[in-house]
Amino acid sequence: MKNVPITELAHVIRSKNSGPFELTFDIIFKDDQSFDLAIKSGVFTPQLFAGLYKIPVDKVLGVIEYPPARAIKATIARIRPAGSLGETDVYGAQQHAPLLTINVPVE
Amino acid sequence: MRKLTVLSPTAILGYGFPKQSFLEGLAHNPDVIGVDAGSVDPGPYYLGAGVSFTDRAAVKRDLALILPEALKRKIPLMIGTAGGSGASVHLAWNREIIEEIAAEQNLSFKMAVIPADIDKEYLLANLDKTTPLGPLPALTAKDVQDSTHIVAQMGWEPYSQALEQGADVVLGGRTYDPAVFAALALKLGFPSGPALHMGKILECAAIAAEPGSGRDCMVGILDEEGFTLFPTSPERRCTVKSVAAHSLYEKSNPWLLPGPGGALDLSNTRYQQVDERTVRVTGSAYVKKDYAIKLEGSRLIGFRTLAIAGVRDPIFISQLQQVLDQVRSAVKDNFEESANYSLEFKVYGLNGVMGDLEPNPVPGHEVGIIIDAVAGTQEEANTICSFCRSTLLHYGYEGRIATAGNLALPYSPSDVPAGAVYEYCIHHLLPSEPNFFKPEFMEVGKR
């Protein structure tokens, strides 16, 4: 068993609003093998995203596998509606950095 | 097998497109040209204040190229979510641009305008029928009363009706993005699943190509079983991955994409590379559900003044949080009576981008600070920002050795009144019917 950094498996890692009340993350893998490794690893759970963003697990609204694009998508409730007082990122386009620290355990 | 060709020149009206790409798109003899002109992404200000987030000159540039070509070739031009947010004030703004172009280029045509505004009295009477769309509270009468403009997303039906009644140009208020691309096809009886799925991709123009671009054109050709897609610029191509990945973009669930009268179900969708630049998509289904429209509204919460400053002193930076807390207290102490304001520090180089979500809040060797004051009037916000800036500039923090001033202020004047601040307060569903929104017809230019 070894840990492979997510950046070696994925070629797109991004965040963006999905409407003003949700923030969605896309991890798109380089090839079928990388995607399969990621799925089989079992690390992509609501708990993973809750931990990375230090939010309660019930604020993770879904984690979805999407084979047509070799992608894993997770969506969380925004801390505040986009553009409200306290906003730091109206479009939600720069909230992905914690995802870059994910390690995928591989047999 | 009958076919219907749809041209999408640009991801958002005003984002532009290379003229050559547009001409190449026209060479494919489109049956309709669709343009999505709006988005909620730029935030609550634009709907609330009735202002477009796109630039007037840029919108005029795009339309001045598209409109004459569409009319000359008798291709209906469909524009959705006019003026960025699609309230009547945004519609009027976009309509004026169209009329200006018509006068300048001596064009005449029949135009349909479809308002998307929701009457407050009507909504108050139907408040108990609304449901939150996402993680937000139930709609209250106060949310409705406070909103400056309330719009709802119309479906393809009023566009179809406008075409039925002979409109050359259809300018709609807030609209479900795929509607302008799918309306003609659905009027002609093409299957809903492929028509709406194609619209869902075309609304972002060449973003679903490789390399992706929001300012380049895409063509979709619909038939009875599916559709094919290709970008018009030779430097881009559609790939199975680029097209399939598009259903992830800005959406919570790539398998099921909801709209006003149903949802696009992509669980049996197949993507196939036809040639190097073309992808065929089949199997997309449309699942009907009770008709409901998405309401959007935002309200004024105050006025903002901000100041931008830099800090390079390591002693200051080592106790950054304490210094900012102490200055915040000093402002509070000085303006105890007018407690109705918000004061924030955005600290770049610490957690300015992610705020509370930042996992690694460690300051760099220098930090940038935005002093962000919001209060009931612009004058009050100016006062809070000014007092905070001067206090922070000269604050005698523990161990200070640079006693001439704590901030590097890049600008004079240092404080920037940023105007009205809005917040989203309506993002709810309301049961409705397909013909809730009505096109209004007018002749533009001389006939």
Side-chain angles (χ1 to χ4, degrees), chain A residues 11-12 14-32 51-55 58-101, chain B residues 39-48 132-136 240-256 266-267 269-271 281 294 296 298 301-302 304 342-344 346-348 351-360 370 372 374 421-427:
Chain A
H11 67 153
V12 173
R14 67 188 181 190
S15 67
K16 189 81 192 273
N17 292 350
S18 170
F21 293 85
E22 296 175 12
L23 185 65
T24 194
F25 306 112
D26 297 333
I27 303 173
I28 304 179
F29 292 87
K30 285 175 179 168
D31 46 40
D32 291 335
L52 286 169
Y53 289 90
K54 300 190 184 71
I55 54 173
D58 65 359
K59 297 288 182 191
V60 180
L61 306 175
V63 179
I64 293 173
E65 295 166 10
Y66 185 61
R70 303 186 197 108
I72 294 174
K73 172 183 268 301
T75 302
I76 66 173
R78 262 179 150 276
I79 295 186
R80 58 182 70 77
S84 298
L85 286 183
E87 182 60 79
T88 58
D89 186 357
V90 174
Y91 288 66
Q94 280 293 310
Q95 303 303 307
H96 61 289
L99 304 177
L100 302 172
T101 65
Chain B
S39 171
V40 291
D41 268 347
Y45 171 80
Y46 301 95
L47 174 59
L133 188 56
L136 69 153
V240 166
K241 289 299 164 225
S242 74
V243 173
H246 188 71
S247 64
L248 294 162
Y249 187 60
E250 297 174 336
K251 295 164 191 83
S252 308
N253 183 343
W255 298 111
L256 201 64
L266 305 187
S267 46
T269 300
R270 290 176 305 281
Y271 303 88
V281 182
K294 179 164 90 168
E296 295 167 358
S298 68
I301 53 171
R304 169 174 285 130
S342 148
L343 175 63
E344 286 172 27
K346 296 205 190 323
V347 185
Y348 289 91
N351 65 351
V353 173
M354 296 193 64
D356 292 340
L357 291 179
E358 175 56 57
N360 187 31
I370 295 179
D372 175 355
V374 176
V421 181
Y422 289 80
E423 70 178 9
Y424 285 118
C425 56
I426 305 181
H427 191 74

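Residue numbers begin at 1 in each chain, while the letters A, B, ... track the order of the sequences.
- The side chain to side chain contact (heavy atoms under 4.5 Å, CB included) search around B:Ser252 returns A:Ser18, A:Glu22, A:Thr75, not counting sequence neighbours.
- Proximity to chain A is absent for every atom of B:Arg270, based on heavy atoms less than 4.5 angstrom apart.
- By number of non-hydrogen pairs under 4.5 angstrom with chain A, the leading residue of B:Glu250, B:Arg304, B:Glu423 is B:Glu250.
- B:Glu344 touches chain A through its side chain: at least one heavy atom from C-beta onward sits under 4.5 Å away, while N, CA, C and O do not.
- Judged by distance alone, with hydrogens and angles left aside, the side-chain atoms of B:Lys241 form a donor-acceptor pair with the main-chain N or O of A:Pro68 at under 3.5 Å.
- Residues B:Pro42 and A:Tyr91 are in side-chain contact: their nearest non-hydrogen atoms beyond the backbone lie under 4.5 Å apart.
- Within the 4.5 angstrom heavy-atom criterion, no atom of B:Asp372 approaches chain A.
- Applying the side-chain hydrogen bond (donor to acceptor under 3.5 Å, both in side chains) criterion to A:Asp26, with sequence neighbours excluded, gives A:Arg14, A:Lys73.
- Remark: A:Glu65 CD to B:Trp255 CH2 distance equals 9.5 Å, nearest 0.5 Å.
- Proximity to chain A is absent for every atom of B:Tyr45, based on heavy atoms less than 4.5 angstrom apart.
- The shortest distance between side-chain heavy atoms of A:Pro98 and B:Met354 falls below 4.5 Å.
- With a 4.5 Å cut-off on non-hydrogen atoms, A:Leu85 touches chain B through its backbone and its side chain both.
- Panel note: side chain B:Lys346, backbone A:Glu87; a donor-acceptor pair is recorded below 3.5 Å.
- Heavy-atom pairs under 4.5 Å with chain A were tallied for B:Pro254, B:Cys425, B:Ser242; the largest tally goes to B:Pro254.
- The two residues A:Thr88 and B:Val353 have their closest heavy-atom pair at OG1-O, 2.7 Å.
- Rounded to the nearest 0.5 Å, atoms CD1 (A:Ile27) and CG (B:Leu248) are 11.0 Å apart.
- Taking CG of B:Leu357 as the reference point, atom CD1 of A:Ile76 lies at 5.5 Å (rounded to 0.5 Å).
- The residue among A:Phe25, A:Tyr66, A:Tyr53 with the most heavy atom pairs within less than 4.5 Å of chain B is A:Tyr66.
- Shortest non-hydrogen contact noted between A:Leu52 and B:Pro359 is O-CB, 4.5 Å.
- If you tally non-hydrogen atom pairs under 4.5 Å between each of B:Asn253, B:Asn360, B:Val243 and chain A, the highest count goes to B:Asn253.
- Smallest separation of non-hydrogen atoms from B:Pro135 and A:Ala77: CG-CB, 3.8 Å.
- Taking a 6.0 Å sphere around CG of A:Asp31, one finds it holds more than 12 heavy atoms contributed by other residues, nucleotides or ligands.
- Of the two parts of B:Ile301, only the side chain, counted from C-beta on, holds a non-hydrogen atom closer than 4.5 Å to a non-hydrogen atom of chain A.
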